[in-house]
Amino acid sequence: MQGRLSAWLVKYGLVHRSLGFDYQGIETLQIKPEDWHSIAVILYVYGYNYLRSQCAYDVAPGGLLASVYHLTRIEYGVDQPEEVCIKVFAPRQNPRIPSVFWVWKSADFQERESYDMLGISYDNHPRLKRILMPESWIGWPLRKDYIVPNFYEIQDAY
């Protein structure tokens, strides 16, 4: 079943794949990494002016990595804002997705966290570096094939 936004994107020839609706009835779309930045700008102009959240996950060991964007269309006088979920999949080797920092500034720390935990590189992000782990940390802790080091630095809590 195609949602309202998917029908609008088809009407204007914008490449995407509809993934249906989640349990809350929010439309979910898949966008290719090479199309993501231009479609993000179009969605912003269309009225999706708020990036509610961005997260990432490892689809399967040795499989794809996904970056997920939850966008909201906030308008004055509207009680139930329109929402959409966008999923952008990237290959495990050299995962690169265009950053949407310049479209939604709130993507800053969220994309950095996805980089830090899963190793997804967000092209054109102004400060893409680790945010939770030390700069010297090796590997990407939330990948399903991550091997936990057999040492931990014990720190005094006082």
Side-chain angles (χ1 to χ4, degrees), residues 1-74 81-135 137-147:
M1 185 172 154
Q2 194 176 56
R4 214 166 95 187
L5 181 60
S6 183
W8 186 83
L9 291 172
V10 167
K11 178 181 174 183
Y12 290 100
L14 299 168
V15 179
H16 71 287
R17 181 174 160 225
S18 179
L19 299 177
F21 297 85
D22 70 5
Y23 72 98
Q24 293 178 314
I26 296 172
E27 186 175 10
T28 304
L29 303 175
Q30 178 183 344
I31 308 290
K32 292 180 181 176
E34 58 269 18
D35 298 330
W36 173 225
H37 189 267
S38 58
I39 289 180
V41 171
I42 290 166
L43 291 176
Y44 183 84
V45 171
Y46 183 66
Y48 287 95
N49 52 7
Y50 180 62
L51 174 64
R52 188 165 43 97
S53 69
Q54 184 276 330
C55 62
Y57 66 93
D58 190 346
V59 177
L64 297 172
L65 301 174
S67 187
V68 183
Y69 300 82
H70 296 272
L71 306 174
T72 306
R73 189 176 182 175
I74 297 177
E82 190 177 329
E83 298 181 42
V84 68
C85 175
I86 305 290
K87 292 186 178 187
V88 182
F89 294 96
R92 181 175 229 75
Q93 279 67 24
N94 194 24
R96 303 185 76 80
I97 295 173
S99 173
V100 293
F101 171 82
W102 301 105
V103 181
W104 298 284
K105 297 287 191 238
S106 60
D108 185 11
F109 283 12
Q110 297 174 59
E111 287 182 343
R112 284 181 60 192
E113 182 180 352
S114 296
Y115 166 74
D116 194 7
M117 295 289 108
L118 291 154
I120 299 172
S121 182
Y122 292 91
D123 296 335
N124 296 321
H125 190 286
R127 293 177 289 280
L128 192 63
K129 61 181 184 174
R130 291 200 182 264
I131 190 169
L132 300 172
M133 306 301 287
E135 287 290 332
W137 195 266
I138 297 171
W140 315 107
L142 290 184
R143 285 193 181 187
K144 291 182 179 174
D145 56 0
Y146 178 70
I147 298 171

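Quick caveat, the model's predicted, so the values are computed rather than measured.
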- Search all heavy atoms of M133 against all heavy atoms of D116 and return the closest pair with its distance. N-OD2, 2.8 Å
- Nearest heavy-atom contact between S99 and E111 is OG-OE1, 2.5 Å
- Query: So which heavy atom on H70 is nearest to which on C85, and how close?
  - Reply: CE1-SG, 3.7 Å
- Message: Testing the 3.5 Å rule here: is there a donor-acceptor pair between the side chains of S18 and E27?
- Response: no
- Query: Side chains of E82 and Y46: is there a donor and an acceptor less than 3.5 Å apart?
  - Reply: no
- Message: Nearest 0.5 Å, please: how far is CD in Q54 from CG in L71?
- Response: 10.5 Å
- Compute the centroid of each ring, for Y69 and then for W36, and state whether the two points are separated by less than 6.0 Å. yes
- Here the gap from Y48 atom OH to I42 atom CD1, rounded to the nearest 0.5 Å, amounts to 13.5 Å
- Item | T28 and F21: CA distance, side-chain angles, deciding distance, side-chain contact (heavy atoms from CB on, under 4.5 Å) verdict | CA-CA 6 Å; T28 304; F21 297 85; over 6 Å; no
- Query: Would Y146 and M117 satisfy side-chain contact (heavy atoms from CB on, under 4.5 Å), going step by step from the backbone distance to the final call?
  - Reply: CA-CA 10 Å; Y146 178 70; M117 295 289 108; over 6 Å; no
- Query: Is atom CD of E135 surrounded by more than 12 heavy atoms (other residues, nucleotides or ligands) closer than 6.0 Å?
  - Reply: yes
- Message: So for atom CZ, which belongs to F109, do other residues, nucleotides or ligands contribute more than 12 heavy atoms lying within a distance under 6.0 Å?
- Response: no
- Would you name the heavy atoms of S67 and I97 that are closest together and state the gap between them? CB-CD1, 3.6 Å
- Query: Sequence neighbours excluded, which residues qualify as salt bridge (Lys or Arg N to Asp or Glu O under 4.0 Å) partners of D123?
  - Reply: R96
- Message: If you compare all heavy atoms of W102 against all heavy atoms of N124, which two are closest, and at what distance to 0.1 Å?
- Response: NE1-O, 3.0 Å
- Task: Please state whether the rings of F101 and H125 are parallel, tilted or perpendicular, taking 30° and 60° as the class boundaries.
- Result: tilted
- Query: Just wondering, more than 12 heavy atoms not from R130 lying within 6.0 Å of its CZ?
  - Reply: yes
- Examine R112 relative to Y115 and say whether NZ or CZ is less than 6.0 Å from the centre of the six-membered ring and inside a 45° cone about the ring axis. no
- Message: Testing the basics here: between S6 and H16, what is the closest heavy-atom pair and its distance to 0.1 Å?
- Response: OG-NE2, 2.6 Å
- Atom CD1 of I86 and atom CD1 of I39: how far apart are they, to the nearest 0.5 Å? 8.0 Å
- Message: Looking at G63, is its backbone amide N or carbonyl O close enough to the side chain of R92 to form a donor-acceptor pair, meaning the two atoms are under 3.5 Å apart?
- Response: yes
- Nearest-0.5 Å distance that lies between atom CG in D58 and atom CG in D145: 6.5 Å
- Task: Please lay out, stage by stage, how R73 and V84 fare under the test side-chain contact (heavy atoms from CB on, under 4.5 Å).
- Result: CA-CA 9 Å; R73 189 176 182 175; V84 68; over 6 Å; no
- Message: To the closest 0.5 Å, what do you measure between CZ (R127) and CG (D108)?
- Response: 4.5 Å
- Spacing of K11 atom NZ and L5 atom CG [to the nearest 0.5 Å]: 12.5 Å
